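All of these numbers come straight from a predicted model, not from anything done at the bench. The chain is numbered in sequence order, starting from 1.
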Amino acid sequence: MKRLTTNKNVSDMGMSELAHNACYIKDGKARYRDYVLDMDAREMTRILLKDYTGGDDAFTSDEDFDEKMVSCLMYGMGDTEGFIATFYRNLWAMADLREALKQYEDLEEEGKLQKLPCAVGDTVYRVNKGAEKPVIAMTVLEIGTITLKPYGLVIQLKCRDNADKGETYYFNDDFNKNVFFSREKAEAALKKL
């Protein structure tokens, strides 16, 4: 997947990069930046309130300001204060989302983000050539003991046989050999046995 977040200077960003990085967090505060501005989201919103509503921008604390914005949200987008409050809420929400995405993208670049082959609750299929039913559906109960070995991560799946309700553990070595993530792949493997 193409990386969306960047640490580039704004002057080095194209429009798409800036769109994904215009809101960010610095020193625990949401900020907005473009090719001209780089400012605290609260400060920007206070200026908008003063310029467009003539309101007083002297708040006793950030918490006081945030409470005012929450109360203005009830006015909706048809009211200037409601519109500005919605804008402010979106600024800090976008900043939070950018920072969360940035963490995942950083981990992926560092090779520390592991994509699991399935999720708890998924159905996987075990192939047992000699059995009455050679393709057996199982439910993934846990994705457990994930450890790092010299040859890579070891993923352990705890599965319950959907017919006899017995539980078994499977590891990476079993994937795509006797445990498959779709019925079609299990049946194709069975034909090759």
Side-chain angles (χ1 to χ4, degrees), residues 1-122 143-156 172 175-176 181:
M1 180 165 79
K2 180 184 171 194
R3 186 177 179 113
L4 298 176
T5 63
T6 182
N7 288 327
K8 290 181 185 176
N9 290 324
V10 172
S11 60
D12 297 328
M13 290 186 211
M15 285 296 279
S16 293
E17 285 179 308
L18 183 56
H20 292 108
N21 293 276
C23 298
Y24 69 104
I25 295 177
K26 182 178 179 183
D27 301 326
K29 294 188 177 194
R31 296 185 64 83
Y32 170 82
R33 62 184 166 192
D34 59 30
Y35 294 116
V36 178
L37 297 173
D38 188 342
M39 65 188 316
D40 180 88
R42 282 189 185 97
E43 184 60 30
M44 175 184 246
T45 307
R46 288 178 177 146
I47 291 168
L48 291 173
L49 282 171
K50 187 173 183 182
D51 289 352
Y52 291 98
T53 68
D56 181 12
D57 68 341
F59 294 92
T60 57
S61 66
D62 288 345
E63 292 77 20
D64 182 36
F65 174 78
D66 290 344
E67 285 179 29
K68 168 71 172 171
M69 290 297 94
V70 168
S71 68
C72 288
L73 285 170
M74 72 180 178
Y75 303 139
M77 297 285 284
D79 176 84
T80 304
E81 284 187 340
F83 183 83
I84 292 170
T86 301
F87 176 74
Y88 171 65
R89 180 191 62 192
N90 289 347
L91 285 176
W92 61 255
M94 286 174 59
D96 281 349
L97 290 170
R98 182 223 179 240
E99 298 306 313
L101 176 58
K102 185 176 179 310
Q103 288 178 355
Y104 282 106
E105 289 178 332
D106 289 348
L107 288 171
E108 188 170 45
E109 275 186 2
E110 295 167 9
K112 295 178 182 175
L113 188 63
Q114 178 67 33
K115 294 179 184 174
L116 299 175
C118 59
V120 171
D122 282 358
I143 300 175
T145 315
I146 301 174
T147 55
L148 185 61
K149 300 286 184 184
Y151 51 86
L153 286 176
V154 175
I155 300 171
Q156 176 185 15
N172 299 46
F175 304 162
N176 298 315
F181 301 104

If we ignore hydrogens and angles and just use 3.5 Å, is the side chain of Asp64 paired with the main-chain N or O of Thr60 as donor and acceptor?
yes
In short, Cys23 meets Met94 closest at the heavy-atom pair CB-CB, 3.8 Å
By side-chain contact (heavy atoms from CB on, under 4.5 Å), Leu37 pairs with (sequence neighbours left out) Tyr32, Asp34, Met39, Met44
Residues passing the side-chain hydrogen bond (donor to acceptor under 3.5 Å, both in side chains) test with Arg31, sequence neighbours excluded, are Tyr24, Asp38
Minimal heavy-atom distance between Ile143 and Leu116, with the atoms involved, is CD1-CD1, 4.0 Å
Closest non-hydrogen contact found for Lys68 with Ser71 is O-OG, 2.7 Å
Sorted by chain and residue number, the ring pair (Phe, Tyr, Trp, His ring centres under 6.0 Å) partners of Phe181 (sequence neighbours excluded) come out as Phe175
With sequence neighbours left out, the residues meeting side-chain hydrogen bond (donor to acceptor under 3.5 Å, both in side chains) with Glu105 are Thr5
Sequence neighbours excluded, the answer for ring pair (Phe, Tyr, Trp, His ring centres under 6.0 Å) partners of Phe65 is Phe59, Tyr88
* **Minimum side-chain heavy-atom gap Arg33-Asn21 below 4.5 Å** => yes
Between Arg3 and Asp106 (salt bridge meaning N to carboxylate O under 4.0 Å), is one present in this structure? yes
Do Arg89 and Thr86 have side chains that approach each other closer than 4.5 Å (heavy atoms only, starting at C-beta)?
yes
Strictly below 4.0 Å, N to O, side chains only: are Lys29 and Asp66 in salt-bridge contact? no
Sorted by chain and residue number, the side-chain hydrogen bond (donor to acceptor under 3.5 Å, both in side chains) partners of Asp96 (sequence neighbours excluded) come out as none
For Ile84 and Thr53, the nearest pair of non-hydrogen atoms, with its separation, is CD1-CG2, 4.4 Å
* **Side chains of Leu49 and Met69 in contact at under 4.5 Å (non-hydrogen atoms)** => yes
Nearest heavy-atom contact between Ser16 and His20 is O-ND1, 2.9 Å
Asn7 and Lys102 have their tightest heavy-atom pair at OD1-CE, 2.9 Å
